[in-house]
Amino acid sequence: MGQFSGGCYLSFFIFVLLGSQAPTTLARENTKWIRGHKGKSQRGEALQHGQSGTLPHFLEEPVDAYIVKSNPIKLRCQARPALQIFFKCNGEWVHQSQHMSQEHTDLTTGLKIREVMINVSRQQVEDFHGPEDYWCLCVAWSHLGTSKSRKATVRIAYLRKNFEQDPQGTEVPLNGMIVLHCRPPEGVPVAEVDWLKNEENLSFDDGNIMEKKGDHNLIISEARLSDSGNYTCVASNIVAKRRSATATVIVYVNGGWSSWTDWSPCNVRCGRGVQKRSRTCTNPAPLNGGAFCEGMSVQKSTCNTVCPVDGGWGEWSEWSACSSDCERQRSRECTAPEPKHGGRLCDGVAVATENCTGGLCTQNRKLLHDAKPQGVENSSDVALYSGLAAGVVTVVLLIVAVTLYRRSQSEYGVDVIDSSALTGGFQSFSFKTSRQANPLLINSSMQPDLTVSRTYTSPMCFQDSIDKELMAERSLLDPLPDLKVKGVTERAEYHVMSHPQTFPRGLAPDYRGVAVGTTLGRRGKNLFSPHVSLTPRLPLHRATAVFGHAGGRLVVPNTGISLLVPHGGIAEDTTWEMYMSINQEDSSTASDDGSEIFLSPAVTYGPPGLDLSYPIAMTIAHCAEVAADNWTIRLKRHIQDNKWEEVMSVNEESTSCYCLLEAQKCHVLLEHPGRYALVGEPLNQEAGKRLRLAVFGSPDASNSLGFTLRVYCVDDTPHAFQEVAVGERSRGGRLLEEPKMMLFKANTFSLQVSIQDVPQLLWSIKPFTTCQEFSFSQVWASNQHPLQCAFTLERYSHSSSQLSCKISIRQVTGKEQILQVYTSVVENEKGVVPFFTQSDCTITSQTGSRAFKIPLSIRQRISTTFDTANANGKDWQLLAQKLHIDRNLCYFACQESPSSVILTLWEAQHPDSGDLDSLASALEEISKVHSPKAVSLSCSKEERDSEFTKLA
């Protein structure tokens, strides 16, 4: 800042100064202004400057500015008192025409205030090439001199796109330190940095979270579970806002063992056994991929249990002397041995008493009858005989009264009405063993999941025949009196002996030679290859047995398929070699238009030409969800050229066959051999079929650090899952979680399978394989074929022996089902577990009375009673109603013995449990019914045969 004085010569010096520094044009302009202003300045000098006596003072100076894109900026100056203000940029004066000025008087001081503005464009800044940034300042004049403002720089603002350093995702343990580095992109002005967590601004009010301002690092001193999330660094200035790559922070928790449980009781009641205790990895449980607990979850220890000793009687003592009561006693003690450790006490009495005079008791050393008077003796005899006579008469009257009462109450014999005739006359027998810990699982001690597949009640495999021996039929019927029915004579005794020389063999080589063991192949081109190669095994898909007049039961093991041949179904003195087999159909749909799908395996029974007097009962497992009326389900029969014809609809009436549909199986009464299957047509998108989901695992043979998880989605039938089990057994696979069931609906949405929660610090997985998908058509029309997808994982170190993750399976827009994998991958720690304890069973048939729950004689009496309606209208229709078989009764009306066929169907429904109480309860209810409304149903055999002929 400089100062000049000289009174009236001030204007001249100003002109000289401007002429020497400004352009010629500006000098001329300023000269004109000075000359015109000379007179005015002289007149107002005393008023304007005489009082203040100060140089110009800047009320507003130009400030640093940034040009955003192509928008010019304004620089502003304001001074008091000031005759004139000009801008000077980069050492050169700005032309007066580029100035925008205005002037006003300060009302307080009366001094003039001048304000000047100029525009600076992007082009001006870009055209300037100097050692420093583009700058401008203001120069203000007054009578006393000039004043200069501060320099204001003008820069072009920008912000580059790429961060110099993006934050990186990390995994830290609980209470560990989290450090996320961020270096924002280069920019003018320098960008400010903010942090986002899960797309929300991160608050730094918590003392646990801090930001290092110098290098913009985010530091969390003690990580909490809530600190897990997606973090983003955001850089912004006046030009733009940039986002860094998202860094995923996972705060994991390593598993810790809980306390040991108490030791379990010894597993044997006597001798050397085993007891165990367990602990769980729940203190805390592994979370977010944290390491699983090291060590064993179960400890076992040997134990010795003292065996119980049952008590035994010692020797009897000598008889005591005869007492005054003419009795003598002897005793014994339970000391040979004494009962110990919970053993049973001795059975029987400890003291025995008997008369010691042979009935002749003495008194005062004389016989009593000798001492009695004669009259007394005679009166005693009369009283004795009178009492005996009265007792006999009373018993006879009681028997007559009971007989009359029973006849008045019911027309039936005791065997039909009284439930004790069923529950007390014989023992029920079940071939189903008690459920043990699931041998399919590696760790069977895990808590059961309520979403697992439901248990099939049809027989999977018979136990050894030595365990099935029932008491003889004669002993079963001993408690039962003969049944007498009005107008019906006793039937001849059934003969169960058969003659083996009458086998009709070799009638159908095409049926008996069916290749039922096939290799499951991929259907269509997709990434999910159900390539389980199965070795054909005869017991797996086929069962054969010889049946005669006594009938029997035939079971294909582990498939939910069985066949019941009723007593009398085959003529006397005749035997047939019958078989059942499961066929793999080439077509996935049962109709030409593809609207129907198979809901069960295709089952063949034969041989052709089989002549039956009564229909057989065949049980077939299916996978349809029949709780709601969303399906039209039909029974179809294979004819030729892979074509199927409809036999009947499950919900329609028919006299050719009978279908009883249950939640997981269907019982069919048939008289003609052939290949049958259940097919379904969905009526709406809510129709669904059940899928069974299972995950198997095995080490990778080509990589010692690798482990493969195979996820299967199959129709929820025992046969379909058996295919998977056999294939996995051949490759050494292990079932890692209890199979679960899910409902797959007909809404055309696909099925997604994904793996989650894999510990990233311990395991790696092939990229782009964490989520895989089955198309809707693959799942919907799978036709009992297993669908498989695989996840290949690799551990970083041999020390990582535990694998914990989740397999998520869901239909798009549907509910999710989770399979929890929690296993050791070291092969020698966990041996291969067999999938079915009964998979190698060879007993697939029962013949004669052992195959039925109802003894033959009771069955015959029930049939004889109900086949002909009595005066009260209690007939086979009422029996069917009480047994909950109350539809399509026309079928039974066409049978020679409707009651016998109804009981055959009941036997097929109860193969394992032998629920004889339900049958006894039904008979008891019938006895209480008075005059039911009977509906007459009739049907001829010719009508029934003609209906089946139309189908054939």
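Any value given below was found using the heavy atoms of this structure, including those in side chains, with hydrogens, waters and symmetry copies removed. It should be emphasised that the depicted structure is a prediction, and the values quoted were computed from it without experimental measurement. We count residues from 1, following the sequence as given.
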Suppose we screen for ring pair (Phe, Tyr, Trp, His ring centres under 6.0 Å). Which residues come up paired with Phe744, at least two apart in sequence or across chains?
Phe776
Scanning both residues in full, the closest heavy-atom pair of Ser228 with Asn288 reads OG-ND2, 4.1 Å
Hydrogens and angles aside, do Ser782 and Asp715 bring a side-chain donor and acceptor to less than 3.5 Å of each other?
yes
If you look at every heavy atom in Ala543 and Leu554, which pair is closest and at what distance?
O-CD2, 3.6 Å
Using modelled atom types only, decide if a donor and an acceptor are shared between the side chain of Gln820 and the backbone of Glu737 within a distance under 3.5 Å.
no
Can you check whether Leu218 reaches Leu202 side chain to side chain, under 4.5 Å on heavy atoms?
yes
Donor-acceptor contact below 3.5 Å, side chain Ser258 vs main chain Thr280:
yes
Sidechain-backbone polar pair: His622 side chain, Glu662 backbone, donor-acceptor under 3.5 Å
yes
Result of checking Leu736, Thr708, Val724 against Phe696 for side-chain contact (heavy atoms from CB on, under 4.5 Å)
Val724
Please answer whether the main-chain N or O of Glu728 pairs with a side-chain N or O of Arg734 as donor and acceptor at a distance below 3.5 Å.
no
Side-chain contact, heavy-atom cut-off 4.5 Å: Arg692 with Tyr712?
no
For Gly295 versus Trp257, what's the shortest heavy-atom pair and its separation?
O-CZ2, 3.5 Å
Using every non-hydrogen atom in the two residues, find where Cys789 and Gln772 come nearest and quote the distance to one decimal.
CB-OE1, 3.3 Å
Does any part of the side chain of Leu174, heavy atoms only, come nearer than 4.5 Å to the side chain of Pro284, both counted from C-beta?
no
Val821 versus Ile807: any side-chain heavy-atom pair under 4.5 Å?
yes
Non-hydrogen atoms of Arg542 and Val556 that approach each other most closely
N-CG1, 4.0 Å
Does Asp262 have more than 12 heavy atoms from other residues, nucleotides or ligands lying within 6.0 Å of its CG?
no
Can you check whether Tyr231 reaches Pro167 side chain to side chain, under 4.5 Å on heavy atoms?
no
May I have the list of side-chain donor-acceptor pairs in residues 753-769 shorter than 3.5 Å, sequence neighbours left out?
| unit_1 | atom_1 | unit_2 | atom_2 | d |
| --- | --- | --- | --- | --- |
| Trp763 | NE1 | Gln802 | O | 3.3 |
| Ser764 | OG | Glu794 | O | 3.3 |
| Thr769 | OG1 | Lys766 | O | 2.6 |

If you count the non-hydrogen atoms of other residues, nucleotides and ligands that lie under 6.0 Å from CZ in Arg277, is the total more than 12?
yes
If every non-hydrogen atom of Met742 is compared with every non-hydrogen atom of Lys815, which pair is closest and at what distance?
CE-O, 4.2 Å
Quick one: does any side-chain atom of Gln752 pair with a main-chain N or O of Ile809 as donor and acceptor, under 3.5 Å?
no
Steps toward side-chain contact (heavy atoms from CB on, under 4.5 Å) verdict (Val179, Thr170)
CA-CA 9 Å; Val179 178; Thr170 182; over 6 Å; no
Can you tell me how far apart CG (Leu693) and CG (Leu751) are? Round to the nearest 0.5 Å.
7.5 Å
Flag, side chain of Lys276 to backbone of Ser264, donor-acceptor distance under 3.5 Å
no
